[in-house]
Protein chains: 2
Amino acid sequence: MGRRDDHAAQRILEHWQSEFPEDRLAHLVRDAARVLAKSLQVRLAEYSVSFGHWSFLRVLWYSEGLTQRELSEQVGLMEPTTFTALKAMEAKGLIERRHQDGNRKNLHIYLTDKGRALKDELIPIAEELNEVAVRGLSEEERRIMHRGLLAIIQNLFEAGAVS
Amino acid sequence: MGRRDDHAAQRILEHWQSEFPEDRLAHLVRDAARVLAKSLQVRLAEYSVSFGHWSFLRVLWYSEGLTQRELSEQVGLMEPTTFTALKAMEAKGLIERRHQDGNRKNLHIYLTDKGRALKDELIPIAEELNEVAVRGLSEEERRIMHRGLLAIIQNLFEAGAVS
DNA sequence: ATTTTTAAGTTAGTTTGCTAAGTAAATTGT
DNA sequence: ACAATTTACTTAGCAAACTAACTTAAAAAT
């Protein structure tokens with residue numbers, strides 16, 4: 001990493017010693033999410049897989065044949081997002097969208113060989129990145145972060161904070 | 001919160017008992033960030049302040065007169081993003097962009113009275129939301145999450161993971 | 001059996017962020 | 001003092017997400 005990036009890293013870190021008590025955690029979570037996403041994006045780009053597509057591939061590798069709606073729910077995105085992503089993935093030859101059992105409405109999603117083959121290439125990348133990200137954190141700390149993030153999500157839902 | 005939301009909450013939580021070891025943390029961080037952002041957005045909307053504008057306001061409340069570039073760095077966003085947000089905020093009468101000291105290049109950003117007045121209304125909202133989010137987590141756990149998130153950001157920068 | 005309701009997919013338009021490339025002012029080097 | 005470089009802002013265009021509203025198929029109710 002060059003001097004420019006060291007500088008960027010330092011800036012983003014210094015940033016967090018500073019003021020703004022009122023929503024420090026929210027911004028910190030957001031920054032971490034951005035850095036994580038960006039990192040994965042950079043690595044996936046070598047395989048011409050976008051970050052958006054990755055989210056669907058990782059679900060499909062575990063369970064093909066879901067409908068678009070079911071996929072939406074599994075992935076945690078809204079349907080129009082899913083729709084757009086899947087159309088693009090179909091155009092790139094990663095998946096097929098098929099009607100089934102005489103039902104002319106539901107579309108079931110299947111991987112192509114090409115899409116399926118990416119699994120063995122991309123999973124190690126994600127695993128390695130994950131490992132790098134939490135390097136230096138103890139098992140205990142990792143568990144607490146996991147539980148803590150879940151708690152935040154749950155708290156906000158329970159408080160009716162999210163629509 | 002209605003039944004529909006309970007359902008949504010449960011789905012998002014069940015989601016995290018499931019497979020996908022390879023980047024569970026990354027997705028969890030991302031989901032938490034989305035829920036946090038969404039929650040704040042909903043609350044800010046009552047004041048016609050968008051989430052994007054909030055990020056700048058909170059910095060400006062602590063230090064007016066920064067240039068656009070300096071603001072970008074403080075907020076942690078790229079300059080074009082800053083530019084667009086500030087133009088919109090100027091149009092809404094929240095800030096002014098002014099040349100200074102005979103320098104025809106740098107633009108310094110100042111709050112209008114309207115922008116300044118929002119501070120007392122919005123800061124409590126953010127504080128309250130933050131409190132709700134981490135409800136049930138001990139001081140110790142909060143500290144670990146804070147350190148852990150910082151560590152993730154730092155690790156990824158150090159690994160050259162981010163461009 | 002027909003109507004009504006619900007569900008799945010789609011389209012349109014918005015928001016928030018990005019990168020890459022352009023322009024013009026200010027600074028530095030000769 | 002002038003040329004070259006760097007810096008600050010701007011423009012253009014793209015990506016990933018969203019909400020709201022539409023269409024049509026399937027399921028439920030009368």
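In the text below, chain A, chain B and the rest are named by the order of the sequence lines, each starting its count at 1. FYI, side chains are in, hydrogens and waters are out, and symmetry mates aren't considered; it's all heavy atoms of this structure.
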Determine the contact category for [X]: base if any of its heavy atoms lies under 4.0 Å from a base atom, sugar-phosphate if only primed atoms, P, OP1 or OP2 are that close, otherwise nothing.
X	result
A/Thr67	sugar-phosphate
B/Ser50	sugar-phosphate
B/Arg104	sugar-phosphate
B/Gln68	sugar-phosphate

Candidates C/dT10, D/dA17, C/dA8 - which lies nearest the side chain of A/Asn106: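 Of the candidates, C/dA8 comes closest.
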Among D/dC18, C/dT19, D/dA8, the one nearest B/Arg69 by side-chain distance: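 Side chain of B/Arg69 sits closest to D/dA8.
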Considering just the side-chain nitrogens and oxygens of [X], establish if one lies under 4.0 Å of OP1 or OP2 belonging to [N].
X	N	value
B/Asn103	C/dA26	yes
A/Thr81	D/dC18	yes
A/Arg97	C/dT10	yes
A/Lys38	D/dA15	no
A/Arg34	C/dT16	no

Minimum heavy-atom distance between B/Gly115 and B/Trp61, given as atom pair plus value: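 Closest approach of B/Gly115 to B/Trp61, heavy atoms only: O-NE1, 3.1 Å.
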Separation of [N] [atom2] from [X] [atom1] (nearest whole Å):
X	N	atom1	atom2	answer
A/Met78	C/dA12	CE	C1'	18 Å
A/Leu86	D/dA16	CG	P	13 Å
B/Ile109	D/dA8	CD1	P	13 Å
A/Arg98	C/dA8	CZ	C1'	18 Å
B/Ile95	D/dC9	CD1	C1'	14 Å
B/Asp101	C/dA25	CG	C1'	15 Å
A/Gln100	C/dG9	CD	C1'	16 Å
A/His53	D/dC14	NE2	C1'	13 Å

Nearest-nucleotide 5' precedence on DNA chain C, A/Lys105 against A/Thr84: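 Per heavy-atom nearest nucleotide, the more 5' residue is A/Lys105.
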Upstream residue (5' side of DNA chain C) when A/Glu79 and A/Arg30 are each assigned their closest nucleotide: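 Of the two residues, A/Glu79 wins.
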Are [X] and [Y] within salt-bridge range, i.e. N to O under 4.0 Å?
X	Y	answer
B/Arg116	B/Glu64	yes
A/Arg147	B/Glu141	yes
B/Arg143	B/Glu139	no

Given DNA chain D, 5'-ward residue of the pair B/His108 and A/Phe56, judged by closest heavy atom: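 Nearest nucleotide further toward 5': that of B/His108.
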Whichever of A/Gly102 and B/Phe83 has its nearest DNA chain D nucleotide further upstream toward 5': B/Phe83
Rounded distance (nearest 0.5 Å) linking atom OG of A/Ser138 with atom CD1 of B/Ile144: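 Answer for the OG-CD1 pair, A/Ser138 versus B/Ile144, is 7.0 Å.
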Nearest-0.5 Å distance, OG of residue A/Ser50 to CE of residue A/Met89: 8.0 Å
